[in-house]
Number of protein chains: 2
Amino acid sequence: MEGKIKVEKCDCTIIHEDVVERATKNMPNEELLYDLAELFKVFGDSTRVRILCALDEAEMCVCDIASVLNMTQSAISHQLRVLKQARLVKNRRDGKVVYYSLDDEHVRTIFDDGLAHIKEQEERGN
Amino acid sequence: MEGKIKVEKCDCTIIHEDVVERATKNMPNEELLYDLAELFKVFGDSTRVRILCALDEAEMCVCDIASVLNMTQSAISHQLRVLKQARLVKNRRDGKVVYYSLDDEHVRTIFDDGLAHIKEQEERGN
DNA sequence: AATACACTTGAACAACTATTCATATATTTA
DNA sequence: TAAATATATGAATAGTTGTTCAAGTGTATT
């Protein structure tokens, strides 16, 4: 469904008008939030997360990555495409070989924030 | 498929052994990366992103949120469940009304990082 | 030019996910 | 206790996504 605008409304009677109005007014641009969700969606797959982790270590060719993740080269290639479209990785060609590397300084930051959340969760007991 | 371990290997001949070995060795725990992806998956839906945005403004009941997002109460309730399981929101009951609020200091940080990436993308022209 | 090889890509399929609809639960009020 | 209301939940469904398989590019080597 993602991104469709719904028409139905809640049928409650005791809505907190002031809060609703304020929140509605301060909501960021719908498109921006959509793009944000799209970005996180890219991070929301363990194969892609692992690829990013591998590339954080060093620039690598497709076969290298496939070998590290123990997956087919085709599967990796498909995912690299997604990562590239999201501008998280870039590539360069050297003869037959295509080398991929991280294309964003924020990748590590976003990772670390996510890890911080997970760690805090664990500490709070789960 | 998510989380399954593959058996096939890449059939390339010119793997960069040193890089592969180093990357393999330094890869974080598989389970940790899986959890990380699971977390980002929660952020990877615009409805949930919008809910978090709304709650960043103020504590709200389910109907309030439904009203702000212009969606059915049921849909919101289902998503709040996901957010709660991920420990991103918490709730308290006051009579018939259940109030939800953010349950994590990192939510805003993660948001901001994501936005930083998007902005940089735009600046680089796209 | 022909072969080999690293990589890409399209189609197909299975697994997953978000919303809807109907119904259930919990709490207040009459 | 019965009715009203805010929320939750289960099943169904349509849409999405990741991997596989087969075939296609592009580059180097002979």
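Proteins come first, then strands; the chains are lettered A, B, ... in the order of their sequence lines, and each starts at number 1.
- For the residue pair B:Gly44 and A:Lys41, the shortest heavy atom distance occurs at O-CE, 2.9 Å.
- When the nucleotides D:dT19, D:dG18, C:dC7 are ranked by their closest atom to the side chain of A:Cys63, C:dC7 comes out on top.
- A salt bridge does not link A:Lys25 with B:Glu57: none of the charged nitrogens is closer than 4.0 Å to a carboxylate oxygen.
- Here C:dC5 is the nucleotide among C:dT19, C:dT8, C:dC5 with the atom lying nearest to any side-chain atom of A:Lys96.
- Rounding to whole angstrom units, CD of residue A:Gln73 and P of C:dC5 are separated by 14 Å.
- At whole-Å resolution of the value, CE in A:Met60 and C1' in C:dC7 are 16 Å apart.
- Every side-chain contact (heavy atoms from CB on, under 4.5 Å) that B:Lys90 has, sequence neighbours left out, goes to B:Ser101, B:Asp103.
- Nucleotide D:dT5 holds its C1' atom 13 Å from the CD1 atom of A:Ile15, rounded to whole Å.
- When rounded to the nearest whole Å, the span between CG of A:Leu80 and C1' of C:dT8 equals 11 Å.
- Going from atom CE of B:Met71 over to atom P of C:dA18 covers 10 Å, rounded to whole Å.
- Here the side chain of A:Val97 is nearest to one of C:dT9, C:dA6, D:dT9, namely C:dA6.
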Between protein and nucleic acid, restricted to nucleotides 10-12 of chain D and to nitrogen or oxygen atoms under 3.5 Å apart, what atom pairs and distances do you find?
{"unit_1": "D:dG10", "atom_1": "O6", "unit_2": "B:His78", "atom_2": "NE2", "d": "2.8"}

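- Look at CZ on B:Phe40: it is 18 Å from P on D:dT17, rounded to the nearest Å.
- For B:Arg108 against B:Asp56, the heavy-atom pair with the smallest separation is NH2-OD1, 2.9 Å.
- Counting to the nearest Å, the P atom of D:dT9 and the CD atom of B:Gln85 are 9 Å from each other.
- Partners of A:Glu31 according to the side-chain contact (heavy atoms from CB on, under 4.5 Å) rule, which considers only residues two or more places apart in sequence or in another chain, are A:Asn29, A:Asp35.
- Distance OH (A:Tyr100) to P (C:dT8): 4 Å, rounded to an integer number of Å.
- Direction change of the helix axis from one end of the helix from C:dA1-D:dT30 to C:dA30-D:dT1 to the other is 20°, with five pairs defining each end axis (rounded to 10°).
- In this structure, A:Ala75 and A:Arg93 both approach DNA chain C, and ranking their closest nucleotides by distance from the 5' end singles out A:Arg93.
- Taking the ring pair (Phe, Tyr, Trp, His ring centres under 6.0 Å) definition, one finds that B:His16 meets it with A:Tyr99, sequence neighbours left out.
- A salt bridge links A:Glu30 with B:Arg50; the closest basic N to acidic carboxylate O contact falls under 4.0 Å.
- For the pair A:Asp94 and A:Val82, nearest-nucleotide mapping onto DNA chain D gives the more 5' position to A:Val82.
- Scanning for side-chain contact (heavy atoms from CB on, under 4.5 Å) contacts around B:Lys119 gives an empty result, with sequence neighbours left out.
- At a threshold of 4.5 Å between non-hydrogen side-chain atoms, the residues A:Arg48 and A:Val42 count as touching.
- An OP1 or OP2 oxygen of D:dC21 is reached within less than 4.0 angstrom by no side-chain nitrogen or oxygen of A:Thr72.
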